[in-house]
Amino acid sequence: MTPNEYQQLTARTAPKDCMAERLKNYALGLIGETGELVDIIKKVLYHDHPVNKEKIREEAGDVLWYLTGILREFDIDLEGTMAFNIEKLKRRYPEGFDVERSRNREAPDDGW
């Protein structure tokens, strides 16, 4: 399955409310599911819980579903977003991640 196919398939379970209500649902859901994913990581790191890859995958999938919904609302495809992000990172870190470049990078030009 490609990322864009995934994005199309998630539309089947998208809420049918108006755009504003869908965006609120996606934004709040993204925050909630991200919290659940982070809580798993916290428990592994600080509470000595075993790594549960199935639960990590489940929560990461929920994060992806909500993020994909936000992109869909603005007619932004997932594959294009992924490619855009990789190109940005290549420009920012042409030789791979570098702590010094991270500390001294220019402010982003976000077009505002």
Side-chain angles (χ1 to χ4, degrees):
M1 169 185 322
T2 70
N4 284 350
E5 289 171 338
Y6 172 84
Q7 188 173 21
Q8 291 170 350
L9 290 170
T10 62
R12 187 180 71 77
T13 53
K16 306 296 185 227
D17 306 337
C18 69
M19 182 182 188
E21 289 302 314
R22 288 192 305 267
L23 282 171
K24 286 190 275 187
N25 179 47
Y26 292 141
L28 293 171
L30 180 59
I31 292 166
E33 295 298 341
T34 300
E36 290 185 34
L37 179 60
V38 170
D39 192 53
I40 293 169
I41 295 166
K42 176 199 70 173
K43 287 177 181 176
V44 168
L45 294 175
Y46 296 105
H47 301 178
D48 202 28
H49 285 218
V51 174
N52 183 334
K53 291 183 180 183
E54 185 175 317
K55 189 65 177 161
I56 292 170
R57 179 180 284 172
E58 179 183 332
E59 298 305 337
D62 291 343
V63 167
L64 185 57
W65 187 91
Y66 284 107
L67 178 61
T68 300
I70 291 170
L71 293 174
R72 191 175 47 253
E73 289 299 319
F74 295 105
D75 198 28
I76 300 171
D77 69 277
L78 186 55
E79 282 181 50
T81 301
M82 294 165 67
F84 180 86
N85 182 252
I86 292 299
E87 290 306 312
K88 177 188 79 174
L89 293 172
K90 285 180 181 178
R91 287 190 307 276
R92 188 174 292 167
Y93 304 108
E95 306 300 321
F97 179 76
D98 179 274
V99 171
E100 192 62 30
R101 284 186 72 96
S102 174
R103 289 182 182 151
N104 297 302
R105 68 187 184 96
E106 295 178 23
D109 178 12
D110 57 13
W112 292 103

Do E54 and E58 have side chains that get closer than 4.5 Å, going by heavy atoms?
no

Do you know which two heavy atoms are closest between R91 and R101, and how far apart they sit?
O-NH2, 3.6 Å

Would you say the rings of W65 and Y26 are close, in the sense that their centroids are separated by under 6.0 Å?
yes

Would you say the side chain of N104 lies within less than 4.5 Å of the side chain of E100, judging by non-hydrogen atoms?
yes

Not counting sequence neighbours, list each pair that qualifies as a salt bridge (Lys or Arg N to Asp or Glu O under 4.0 Å) and has a residue in residues 1-20.
none

Count I, L, V, M, F, W, Y as connected when their side-chain heavy atoms are under 4.5 Å apart, and connections chain through other members. Are L67 and M19 then in the same cluster?
yes

Cluster overlap V44 with I56, hydrophobic side-chain contacts below 4.5 Å:
yes

Out of curiosity, K43 NZ to K55 NZ, how far, rounded to the nearest 0.5 Å?
9.5 Å

Give a yes or no on whether Y6 and I76 share a hydrophobic cluster (residues Ile, Leu, Val, Met, Phe, Trp, Tyr; joining criterion: side-chain heavy atoms under 4.5 Å apart).
yes

Look only at the side chain of S102 and the backbone of D98, and say whether a donor-acceptor pair between them is shorter than 3.5 Å.
no

Assess whether atom CZ of F84 is packed by more than 12 heavy atoms of other residues, nucleotides or ligands within 6.0 Å.
no

Taking atom OH of Y46 as the centre, does the number of heavy atoms from other residues, nucleotides or ligands within less than 6.0 Å exceed 12?
no

Any T81 side-chain heavy atom under 4.5 Å of L71 side chain
yes

Evaluate the side-chain proximity of D39 to E59: yes if any heavy-atom separation is below 4.5 Å, no if none is.
no

Interatomic distance, CG@D62 vs OG1@T34, rounded to 0.5 Å, equals 10.0 Å

Can you tell if the side chain of N52 reaches within under 4.5 Å of the side chain of I40, non-hydrogen atoms only?
no

If only atom types and distance count, is the side chain of R72 paired as donor or acceptor with the main-chain N or O of Q7 below 3.5 Å?
yes

Report yes or no: does N25 contribute a side-chain atom to a donor-acceptor pair with the main-chain N or O of E21 at less than 3.5 Å?
no

Residue set satisfying side-chain contact (heavy atoms from CB on, under 4.5 Å) with P3, at least two apart, ordered chain then number -> L78, E79, M82

Let me check something: do V38 and I31 share a hydrophobic cluster, defined by ILVMFWY side-chain heavy atoms less than 4.5 Å apart, either directly or through other members?
no

Side-chain contact test, heavy atoms from C-beta onward, threshold under 4.5 Å: evaluate it for L23 versus F74 and give yes or no.
yes

Is it the case that one hydrophobic cluster holds both Y93 and I86, taking links as side-chain heavy atoms less than 4.5 Å apart, direct or via other members?
no

